[in-house]
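The next block holds one structure in the form of C-alpha coordinates; read it before the comments.
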Amino acid sequence: MAEASSVRPGHPIEVAVLFDVERGWHVYWRNPGDAGLGPSITWALPPGWSAGEIQWPYPERISTPGVTTYGYRDDFMLLVELTPPDALEIGATITLRADVDWLACDEACVAGNAKVGLALPVAAEVPACDEHWAERFAEARARLPIEPPGWRVRARADSDHVVLELTPPDGFDTALDGVQFFPYDGHLIDHGAKQVLSATDDGFRLSIRRARSGRDIPARVVGILVSPNGWGDDSSAAAIEVDVPFEEVPLSRKESERAL
Amino acid sequence: MLVERNKGSSAQGPRQSGEGDDPARSPQPDGDPQAAETAEVGKPAPDFTATDAQGNTHTLSSYRGKYVVLEWFNAQCPFVRKYYDSGAMQELQQACGDKGVVWLTICSSAKGKQGYYEGEALTNLIEKEKSNATSYLVDTDGTVGRRYAAKTTPHMFVISPEGLLLYAGAIDNRPSVRPSDIEGAANYVVQALDAAMAGREIETTSTKSYGCSVKY
(Lines give C-alpha, C1' and ligand atoms only; values in the text may rest on other atoms or scores of the structure.)
Protein backbone atom coordinates (compact mmCIF):
# COMPACT_ATOMS: atom_id res chain seq x y z
CA MET A 1 0.00 0.00 0.00
CA ALA A 2 1.02 3.61 -0.39
CA GLU A 3 0.73 6.47 2.04
CA ALA A 4 -0.05 8.91 -0.74
CA SER A 5 -3.26 8.69 -2.70
CA SER A 6 -1.61 9.89 -5.90
CA VAL A 7 1.84 10.32 -7.39
CA ARG A 8 3.60 13.44 -8.73
CA PRO A 9 6.16 13.23 -11.52
CA GLY A 10 9.71 13.06 -10.10
CA HIS A 11 8.61 12.99 -6.46
CA PRO A 12 9.41 9.84 -4.48
CA ILE A 13 6.64 8.08 -2.61
CA GLU A 14 6.82 5.58 0.19
CA VAL A 15 5.08 2.29 -0.20
CA ALA A 16 4.92 -0.65 2.15
CA VAL A 17 4.37 -4.35 2.11
CA LEU A 18 2.30 -5.41 5.11
CA PHE A 19 2.98 -8.82 6.63
CA ASP A 20 0.04 -10.14 8.60
CA VAL A 21 1.84 -12.71 10.75
CA GLU A 22 -0.37 -15.44 12.14
CA ARG A 23 -0.18 -16.22 15.82
CA GLY A 24 2.63 -18.62 16.62
CA TRP A 25 4.53 -17.89 13.41
CA HIS A 26 7.39 -15.57 12.68
CA VAL A 27 9.01 -13.97 9.67
CA TYR A 28 12.67 -12.96 9.63
CA TRP A 29 14.71 -9.76 9.76
CA ARG A 30 17.39 -8.85 7.19
CA ASN A 31 19.90 -10.87 9.24
CA PRO A 32 17.78 -13.84 10.29
CA GLY A 33 20.26 -14.99 12.95
CA ASP A 34 21.10 -18.68 13.24
CA ALA A 35 18.48 -19.84 10.76
CA GLY A 36 15.75 -18.59 8.46
CA LEU A 37 15.76 -16.02 5.71
CA GLY A 38 14.43 -12.48 5.50
CA PRO A 39 11.78 -11.56 2.93
CA SER A 40 12.77 -10.23 -0.47
CA ILE A 41 10.90 -7.86 -2.75
CA THR A 42 11.45 -7.96 -6.48
CA TRP A 43 9.93 -4.93 -8.13
CA ALA A 44 8.36 -4.79 -11.57
CA LEU A 45 8.01 -1.05 -12.08
CA PRO A 46 7.02 1.00 -15.11
CA PRO A 47 9.89 2.47 -17.17
CA GLY A 48 11.87 5.19 -15.42
CA TRP A 49 10.91 4.18 -11.89
CA SER A 50 13.46 3.11 -9.31
CA ALA A 51 13.13 1.40 -5.94
CA GLY A 52 15.17 2.07 -2.81
CA GLU A 53 16.36 -0.43 -0.26
CA ILE A 54 13.95 -2.11 2.13
CA GLN A 55 13.71 -0.17 5.40
CA TRP A 56 13.60 -2.85 8.07
CA PRO A 57 11.82 -2.32 11.39
CA TYR A 58 13.86 -3.55 14.34
CA PRO A 59 13.27 -7.22 15.10
CA GLU A 60 12.93 -9.24 18.25
CA ARG A 61 15.09 -12.11 19.36
CA ILE A 62 13.38 -15.49 18.97
CA SER A 63 15.04 -18.36 20.82
CA THR A 64 14.41 -22.06 20.56
CA PRO A 65 16.79 -24.66 22.00
CA GLY A 66 20.11 -24.38 20.20
CA VAL A 67 18.90 -21.83 17.68
CA THR A 68 18.40 -18.08 18.05
CA THR A 69 16.87 -16.04 15.27
CA TYR A 70 15.78 -12.45 14.67
CA GLY A 71 12.36 -11.66 13.31
CA TYR A 72 8.79 -10.54 13.74
CA ARG A 73 6.02 -12.40 15.54
CA ASP A 74 3.43 -9.70 14.93
CA ASP A 75 2.28 -7.71 11.95
CA PHE A 76 5.00 -5.57 10.44
CA MET A 77 5.57 -3.41 7.41
CA LEU A 78 8.55 -3.17 5.10
CA LEU A 79 8.84 0.35 3.77
CA VAL A 80 10.42 1.15 0.43
CA GLU A 81 10.86 4.47 -1.33
CA LEU A 82 9.91 4.46 -5.01
CA THR A 83 11.02 7.26 -7.29
CA PRO A 84 9.02 8.00 -10.45
CA PRO A 85 10.54 9.58 -13.54
CA ASP A 86 10.16 13.32 -14.15
CA ALA A 87 7.99 12.65 -17.16
CA LEU A 88 4.65 11.13 -16.21
CA GLU A 89 1.35 11.77 -17.91
CA ILE A 90 -0.97 13.67 -15.59
CA GLY A 91 -4.25 11.85 -15.23
CA ALA A 92 -2.83 8.46 -16.14
CA THR A 93 -2.88 5.56 -13.71
CA ILE A 94 0.33 3.76 -12.98
CA THR A 95 0.60 0.26 -11.61
CA LEU A 96 3.45 -0.74 -9.32
CA ARG A 97 4.00 -4.45 -9.01
CA ALA A 98 6.25 -6.58 -6.85
CA ASP A 99 6.99 -10.18 -6.23
CA VAL A 100 7.36 -10.81 -2.50
CA ASP A 101 9.09 -13.92 -1.18
CA TRP A 102 9.29 -14.84 2.47
CA LEU A 103 9.90 -17.68 4.82
CA ALA A 104 7.55 -18.09 7.78
CA CYS A 105 8.25 -20.55 10.57
CA ASP A 106 6.55 -21.81 13.67
CA GLU A 107 7.83 -25.28 14.48
CA ALA A 108 7.88 -25.88 10.73
CA CYS A 109 8.97 -23.50 8.00
CA VAL A 110 6.92 -22.59 4.94
CA ALA A 111 8.13 -20.54 2.02
CA GLY A 112 5.60 -18.04 0.75
CA ASN A 113 5.24 -15.90 -2.33
CA ALA A 114 2.79 -13.20 -3.29
CA LYS A 115 2.43 -10.95 -6.27
CA VAL A 116 1.32 -7.60 -4.99
CA GLY A 117 0.30 -4.52 -6.88
CA LEU A 118 -0.83 -0.97 -6.39
CA ALA A 119 -2.51 1.40 -8.81
CA LEU A 120 -2.11 5.14 -8.28
CA PRO A 121 -3.30 8.10 -10.35
CA VAL A 122 -0.71 10.61 -11.55
CA ALA A 123 -1.56 14.12 -10.40
CA ALA A 124 0.24 17.45 -10.56
CA GLU A 125 -0.66 18.56 -7.05
CA VAL A 126 0.82 17.45 -3.74
CA PRO A 127 -0.85 14.13 -2.95
CA ALA A 128 -3.27 13.78 -0.08
CA CYS A 129 -2.42 11.31 2.62
CA ASP A 130 -4.38 8.12 2.50
CA GLU A 131 -5.79 8.37 6.00
CA HIS A 132 -6.49 4.70 6.17
CA TRP A 133 -2.78 3.98 5.97
CA ALA A 134 -1.16 7.09 7.42
CA GLU A 135 -1.33 5.74 10.95
CA ARG A 136 0.14 2.42 9.93
CA PHE A 137 3.00 4.19 8.17
CA ALA A 138 3.66 6.25 11.27
CA GLU A 139 3.75 3.09 13.40
CA ALA A 140 6.10 1.45 10.96
CA ARG A 141 8.44 4.45 10.93
CA ALA A 142 8.60 4.41 14.71
CA ARG A 143 10.18 0.98 14.47
CA LEU A 144 12.90 2.03 12.05
CA PRO A 145 16.39 2.66 13.44
CA ILE A 146 17.42 6.29 13.67
CA GLU A 147 20.77 8.05 13.93
CA PRO A 148 21.97 7.92 17.53
CA PRO A 149 20.53 11.05 19.24
CA GLY A 150 23.75 12.31 20.83
CA TRP A 151 25.04 8.86 21.70
CA ARG A 152 28.59 7.92 20.77
CA VAL A 153 29.35 4.29 20.00
CA ARG A 154 32.84 2.82 19.83
CA ALA A 155 33.63 -0.78 19.02
CA ARG A 156 36.48 -3.13 19.82
CA ALA A 157 36.88 -6.85 19.41
CA ASP A 158 39.20 -9.74 20.06
CA SER A 159 39.00 -13.33 18.93
CA ASP A 160 36.23 -14.06 21.40
CA HIS A 161 34.21 -10.90 21.96
CA VAL A 162 32.76 -7.80 20.45
CA VAL A 163 32.52 -4.88 22.86
CA LEU A 164 30.43 -1.80 22.19
CA GLU A 165 31.10 1.25 24.37
CA LEU A 166 28.03 3.47 24.53
CA THR A 167 28.53 7.04 25.68
CA PRO A 168 25.29 8.91 26.31
CA PRO A 169 24.74 12.57 25.53
CA ASP A 170 25.29 15.10 28.32
CA GLY A 171 22.45 15.15 30.77
CA PHE A 172 21.44 11.56 30.19
CA ASP A 173 20.29 10.35 33.57
CA THR A 174 18.35 7.19 33.01
CA ALA A 175 19.03 3.51 33.27
CA LEU A 176 19.21 1.23 30.28
CA ASP A 177 17.47 -2.09 30.29
CA GLY A 178 17.58 -5.06 28.00
CA VAL A 179 19.76 -3.45 25.35
CA GLN A 180 20.35 -5.78 22.45
CA PHE A 181 22.64 -5.47 19.45
CA PHE A 182 21.48 -6.87 16.12
CA PRO A 183 24.30 -6.93 13.53
CA TYR A 184 23.58 -6.78 9.82
CA ASP A 185 26.40 -9.27 9.29
CA GLY A 186 25.04 -12.67 10.26
CA HIS A 187 28.47 -14.10 10.97
CA LEU A 188 29.83 -11.59 13.50
CA ILE A 189 28.36 -12.60 16.86
CA ASP A 190 27.09 -15.71 18.59
CA HIS A 191 23.38 -15.01 18.25
CA GLY A 192 22.38 -17.24 21.14
CA ALA A 193 24.89 -15.88 23.65
CA LYS A 194 23.84 -13.56 26.41
CA GLN A 195 24.63 -9.93 25.62
CA VAL A 196 26.01 -8.42 28.80
CA LEU A 197 25.30 -4.78 29.56
CA SER A 198 27.41 -3.17 32.27
CA ALA A 199 28.06 0.31 33.53
CA THR A 200 31.31 2.16 32.87
CA ASP A 201 32.64 5.48 34.13
CA ASP A 202 31.20 7.40 31.24
CA GLY A 203 28.41 5.22 29.99
CA PHE A 204 27.67 1.61 29.21
CA ARG A 205 29.40 -1.38 27.76
CA LEU A 206 27.70 -4.15 25.82
CA SER A 207 29.78 -7.32 25.56
CA ILE A 208 28.85 -9.99 23.07
CA ARG A 209 30.48 -13.31 22.30
CA ARG A 210 31.73 -13.56 18.73
CA ALA A 211 30.65 -16.25 16.32
CA ARG A 212 32.98 -19.20 16.36
CA SER A 213 33.92 -18.63 12.75
CA GLY A 214 37.69 -18.31 12.89
CA ARG A 215 37.36 -15.28 10.63
CA ASP A 216 39.31 -12.08 11.00
CA ILE A 217 37.70 -9.16 12.75
CA PRO A 218 35.91 -7.15 10.05
CA ALA A 219 36.75 -3.49 9.45
CA ARG A 220 33.45 -2.14 10.73
CA VAL A 221 30.57 -3.16 12.90
CA VAL A 222 27.21 -2.33 11.38
CA GLY A 223 23.80 -3.00 12.84
CA ILE A 224 21.24 -1.67 15.24
CA LEU A 225 21.07 -1.27 19.00
CA VAL A 226 17.64 -1.71 20.49
CA SER A 227 16.73 -0.29 23.89
CA PRO A 228 13.10 -1.18 24.61
CA ASN A 229 12.71 1.91 26.81
CA GLY A 230 14.36 4.24 24.34
CA TRP A 231 17.55 6.23 24.51
CA GLY A 232 16.55 8.95 26.92
CA ASP A 233 15.44 11.52 24.39
CA ASP A 234 12.07 12.63 23.14
CA SER A 235 12.09 10.66 19.92
CA SER A 236 10.81 7.50 21.64
CA ALA A 237 12.75 5.53 19.05
CA ALA A 238 13.88 2.18 20.41
CA ALA A 239 16.47 1.42 17.73
CA ILE A 240 19.57 3.35 16.74
CA GLU A 241 21.83 2.49 13.86
CA VAL A 242 25.49 1.74 14.48
CA ASP A 243 28.13 1.92 11.77
CA VAL A 244 31.58 2.36 13.30
CA PRO A 245 35.06 0.93 12.71
CA PHE A 246 36.54 -1.59 15.10
CA GLU A 247 39.23 0.30 16.98
CA GLU A 248 42.54 -1.41 17.43
CA VAL A 249 42.60 -1.14 21.21
CA PRO A 250 42.88 -4.58 22.72
CA LEU A 251 40.36 -5.71 25.28
CA SER A 252 41.73 -6.01 28.78
CA ARG A 253 41.56 -9.39 30.42
CA LYS A 254 38.92 -8.07 32.75
CA GLU A 255 36.77 -6.90 29.86
CA SER A 256 37.09 -10.26 28.17
CA GLU A 257 36.18 -12.11 31.33
CA ARG A 258 33.26 -9.86 32.00
CA ALA A 259 31.88 -10.72 28.62
CA LEU A 260 31.68 -14.41 29.43
CA MET B 1 17.49 -5.91 35.35
CA LEU B 2 18.22 -2.26 34.96
CA VAL B 3 21.74 -1.08 34.45
CA GLU B 4 22.47 2.28 35.99
CA ARG B 5 25.39 4.38 34.98
CA ASN B 6 28.30 4.38 37.35
CA LYS B 7 28.23 7.72 39.04
CA GLY B 8 31.35 9.32 40.53
CA SER B 9 33.73 7.09 42.43
CA SER B 10 31.13 5.07 44.27
CA ALA B 11 31.12 2.55 41.49
CA GLN B 12 29.36 -0.64 42.39
CA GLY B 13 30.02 -3.85 40.68
CA PRO B 14 28.55 -3.94 37.24
CA ARG B 15 25.03 -5.19 37.09
CA GLN B 16 24.20 -7.26 34.17
CA SER B 17 21.32 -7.64 31.91
CA GLY B 18 20.59 -9.75 28.89
CA GLU B 19 18.51 -12.57 27.66
CA GLY B 20 19.05 -16.01 29.05
CA ASP B 21 21.91 -18.12 27.93
CA ASP B 22 21.06 -20.80 25.52
CA PRO B 23 20.58 -23.99 27.51
CA ALA B 24 21.45 -26.12 24.52
CA ARG B 25 24.97 -24.90 23.97
CA SER B 26 27.00 -27.03 26.38
CA PRO B 27 27.93 -30.25 24.71
CA GLN B 28 28.88 -33.20 26.86
CA PRO B 29 32.10 -34.73 25.68
CA ASP B 30 32.47 -38.45 25.47
CA GLY B 31 34.57 -40.98 23.66
CA ASP B 32 37.68 -39.87 21.78
CA PRO B 33 39.87 -37.72 24.01
CA GLN B 34 41.74 -36.52 20.91
CA ALA B 35 38.66 -34.91 19.47
CA ALA B 36 37.48 -31.41 20.34
CA GLU B 37 34.36 -30.87 22.38
CA THR B 38 33.00 -28.35 19.95
CA ALA B 39 33.42 -27.92 16.25
CA GLU B 40 35.95 -25.33 15.20
CA VAL B 41 37.44 -25.05 11.74
CA GLY B 42 41.11 -26.07 11.69
CA LYS B 43 40.76 -28.14 14.85
CA PRO B 44 39.94 -31.85 15.29
CA ALA B 45 36.30 -32.48 14.45
CA PRO B 46 34.34 -33.63 17.50
CA ASP B 47 33.91 -37.37 17.46
CA PHE B 48 30.51 -38.98 17.76
CA THR B 49 28.71 -42.26 17.47
CA ALA B 50 25.23 -42.37 16.01
CA THR B 51 22.80 -44.95 14.70
CA ASP B 52 21.63 -45.20 11.11
CA ALA B 53 18.20 -46.11 9.78
CA GLN B 54 19.05 -49.82 9.90
CA GLY B 55 20.25 -49.65 13.50
CA ASN B 56 23.96 -49.83 12.68
CA THR B 57 26.26 -47.55 14.62
CA HIS B 58 28.68 -45.20 12.93
CA THR B 59 31.60 -43.56 14.68
CA LEU B 60 33.18 -40.59 12.96
CA SER B 61 36.74 -41.55 13.98
CA SER B 62 36.34 -44.92 12.29
CA TYR B 63 36.34 -43.04 8.97
CA ARG B 64 39.89 -41.70 9.49
CA GLY B 65 41.74 -41.79 6.19
CA LYS B 66 38.69 -40.59 4.28
CA TYR B 67 37.09 -37.24 3.73
CA VAL B 68 33.76 -36.99 5.51
CA VAL B 69 30.87 -34.66 4.73
CA LEU B 70 28.19 -34.05 7.36
CA GLU B 71 24.84 -32.78 6.10
CA TRP B 72 22.11 -31.70 8.51
CA PHE B 73 18.72 -32.69 7.15
CA ASN B 74 15.00 -32.20 7.71
CA ALA B 75 12.79 -33.58 4.97
CA GLN B 76 10.09 -30.93 5.45
CA CYS B 77 12.36 -27.89 5.31
CA PRO B 78 11.98 -25.77 2.14
CA PHE B 79 15.75 -25.21 1.96
CA VAL B 80 16.32 -28.96 2.03
CA ARG B 81 13.59 -29.43 -0.58
CA LYS B 82 15.39 -26.92 -2.79
CA TYR B 83 18.38 -29.28 -2.96
CA TYR B 84 16.52 -32.62 -3.00
CA ASP B 85 13.59 -31.90 -5.32
CA SER B 86 16.03 -30.52 -7.86
CA GLY B 87 18.20 -33.62 -7.50
CA ALA B 88 21.23 -31.44 -6.76
CA MET B 89 21.95 -32.95 -3.35
CA GLN B 90 21.73 -36.51 -4.65
CA GLU B 91 24.09 -35.62 -7.50
CA LEU B 92 26.53 -34.06 -5.08
CA GLN B 93 26.35 -37.13 -2.83
CA GLN B 94 27.01 -39.35 -5.83
CA ALA B 95 29.95 -37.26 -7.03
CA CYS B 96 31.44 -37.30 -3.54
CA GLY B 97 30.91 -41.03 -3.19
CA ASP B 98 32.70 -41.57 -6.50
CA LYS B 99 35.71 -39.82 -5.01
CA GLY B 100 35.68 -41.97 -1.88
CA VAL B 101 34.13 -39.32 0.34
CA VAL B 102 31.94 -40.57 3.19
CA TRP B 103 28.67 -38.61 3.28
CA LEU B 104 26.67 -38.71 6.50
CA THR B 105 23.21 -37.20 6.45
CA ILE B 106 22.17 -36.36 10.01
CA CYS B 107 18.70 -35.58 11.30
CA SER B 108 18.64 -33.96 14.74
CA SER B 109 14.88 -33.47 14.91
CA ALA B 110 13.63 -34.42 18.36
CA LYS B 111 10.94 -37.10 18.60
CA GLY B 112 7.61 -35.59 17.60
CA LYS B 113 9.19 -32.54 15.99
CA GLN B 114 9.22 -31.75 12.30
CA GLY B 115 11.50 -34.01 10.29
CA TYR B 116 11.54 -36.82 12.86
CA TYR B 117 11.14 -40.26 11.28
CA GLU B 118 11.63 -43.72 12.64
CA GLY B 119 11.26 -47.33 11.58
CA GLU B 120 9.62 -48.07 8.31
CA ALA B 121 8.68 -44.44 7.70
CA LEU B 122 12.37 -43.56 7.84
CA THR B 123 13.38 -46.33 5.47
CA ASN B 124 10.67 -45.22 3.06
CA LEU B 125 11.79 -41.63 3.33
CA ILE B 126 15.40 -42.40 2.44
CA GLU B 127 14.23 -44.45 -0.54
CA LYS B 128 11.84 -41.74 -1.66
CA GLU B 129 14.54 -39.08 -1.43
CA LYS B 130 16.79 -41.25 -3.66
CA SER B 131 19.58 -40.28 -1.32
CA ASN B 132 23.09 -41.27 -2.35
CA ALA B 133 24.52 -40.54 1.08
CA THR B 134 26.70 -43.19 2.70
CA SER B 135 24.36 -43.25 5.70
CA TYR B 136 21.43 -41.43 7.27
CA LEU B 137 22.05 -40.95 10.98
CA VAL B 138 19.31 -40.44 13.53
CA ASP B 139 20.34 -37.92 16.19
CA THR B 140 17.04 -37.69 18.04
CA ASP B 141 18.52 -36.36 21.28
CA GLY B 142 20.51 -33.75 19.35
CA THR B 143 23.87 -34.74 20.83
CA VAL B 144 25.73 -34.65 17.53
CA GLY B 145 23.94 -31.53 16.36
CA ARG B 146 24.81 -29.62 19.52
CA ARG B 147 28.41 -30.75 19.43
CA TYR B 148 28.72 -29.29 15.94
CA ALA B 149 26.47 -26.34 16.79
CA ALA B 150 24.38 -27.32 13.77
CA LYS B 151 21.85 -24.51 13.44
CA THR B 152 20.13 -25.06 10.14
CA THR B 153 19.02 -27.59 7.59
CA PRO B 154 21.06 -27.87 5.56
CA HIS B 155 24.22 -27.13 7.55
CA MET B 156 27.36 -28.59 6.04
CA PHE B 157 30.68 -29.75 7.50
CA VAL B 158 33.73 -31.13 5.69
CA ILE B 159 36.27 -33.21 7.62
CA SER B 160 39.76 -34.17 6.43
CA PRO B 161 41.17 -37.72 6.37
CA GLU B 162 43.18 -36.66 9.44
CA GLY B 163 39.98 -35.79 11.28
CA LEU B 164 40.34 -32.00 11.09
CA LEU B 165 37.33 -29.81 10.43
CA LEU B 166 38.01 -28.14 7.07
CA TYR B 167 34.75 -26.35 6.40
CA ALA B 168 31.63 -25.40 8.36
CA GLY B 169 28.65 -23.46 7.12
CA ALA B 170 26.26 -23.01 4.23
CA ILE B 171 25.99 -25.32 1.27
CA ASP B 172 26.34 -22.41 -1.16
CA ASN B 173 26.43 -18.66 -1.43
CA ARG B 174 22.79 -18.11 -2.41
CA PRO B 175 20.48 -18.14 0.61
CA SER B 176 17.10 -18.88 -0.93
CA VAL B 177 14.53 -21.63 -1.36
CA ARG B 178 14.51 -21.36 -5.17
CA PRO B 179 15.94 -24.39 -6.94
CA SER B 180 16.80 -22.12 -9.88
CA ASP B 181 19.42 -20.46 -7.65
CA ILE B 182 21.48 -23.66 -7.43
CA GLU B 183 22.92 -23.43 -10.92
CA GLY B 184 25.80 -21.00 -10.91
CA ALA B 185 25.99 -20.79 -7.12
CA ALA B 186 29.36 -21.28 -5.45
CA ASN B 187 29.06 -24.60 -3.62
CA TYR B 188 31.29 -24.32 -0.58
CA VAL B 189 31.38 -28.08 0.04
CA VAL B 190 32.58 -28.75 -3.50
CA GLN B 191 35.11 -25.94 -3.25
CA ALA B 192 36.48 -27.19 0.06
CA LEU B 193 36.78 -30.81 -1.12
CA ASP B 194 38.29 -29.86 -4.49
CA ALA B 195 40.88 -27.61 -2.90
CA ALA B 196 41.80 -30.07 -0.15
CA MET B 197 42.11 -33.00 -2.55
CA ALA B 198 44.31 -30.93 -4.85
CA GLY B 199 46.49 -29.87 -1.93
CA ARG B 200 45.42 -26.26 -2.28
CA GLU B 201 44.40 -23.96 0.50
CA ILE B 202 40.65 -23.81 1.01
CA GLU B 203 39.52 -20.29 0.23
CA THR B 204 36.32 -20.24 2.28
CA THR B 205 36.48 -22.33 5.45
CA SER B 206 33.59 -20.87 7.39
CA THR B 207 30.33 -19.28 6.33
CA LYS B 208 27.04 -18.57 7.97
CA SER B 209 24.75 -21.45 7.14
CA TYR B 210 21.27 -20.75 5.90
CA GLY B 211 18.11 -22.82 6.18
CA CYS B 212 15.39 -23.81 8.62
CA SER B 213 16.32 -24.09 12.27
CA VAL B 214 17.28 -27.55 13.45
CA LYS B 215 14.28 -28.91 15.38
CA TYR B 216 16.02 -29.91 18.61
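We name chains A, B, ... by the order of the sequence lines, and we start the count at 1 in each one.
Side-chain contact between B/Gln76 and A/Cys109: absent, with no pair of heavy atoms (C-beta onward) separated by less than 4.5 Å. Put simply, the side chain of B/Pro78 reaches to within 4.5 Å of the side chain of A/Leu103, judged on heavy atoms.
Listed by chain and number, the residues in a side chain to side chain donor-acceptor pair (under 3.5 Å) with B/Asp139 are B/Ser108 (sequence neighbours excluded).
With a 4.5 angstrom heavy-atom cutoff, B/Thr153 does not touch chain A via any of its atoms. Only the side chain of A/Asn31 comes within contact range of chain B, judged by heavy atoms closer than 4.5 Å. Neither the backbone nor the side chain of B/Cys77 comes within contact range of chain A, judged by heavy atoms closer than 4.5 Å.
With values rounded to the nearest 0.5 angstrom, B/Ser213 atom OG is found 9.0 Å from A/Asp34 atom CG. Expressed to the nearest 0.5 Å, how far OG1 of B/Thr207 lies from NE2 of A/His187 amounts to 6.0 Å. Interatomic distance, CD of B/Gln114 versus CD of A/Glu107, reported as 7.0 Å (0.5 Å rounding).
Among all heavy-atom pairs drawn from B/Arg146 and A/Pro65, the shortest one is NH2-CB, 4.1 Å.
No side-chain donor-acceptor contact under 3.5 Å links B/Lys215 to the backbone of A/Ala108. The closest donor-acceptor contact from the side chain of B/Lys208 to the backbone of A/Gly33 lies under 3.5 Å.
Heavy-atom contacts from other residues, nucleotides or ligands closer than 6.0 Å to CD of A/Glu247 number more than 12. A/Arg220 CZ: more than 12 foreign heavy atoms inside a 6.0 Å radius.
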Evaluate the salt bridge (charged side-chain N to carboxylate O under 4.0 Å, His left out) criterion for residues A/Asp101 and B/Arg178: first the C-alpha distance (whole Å), next the side-chain angles of each, then the deciding distance (0.1 Å), finally the verdict. CA-CA 10 Å; A/Asp101 290 286; B/Arg178 282 185 299 271; 3.6 Å; yes
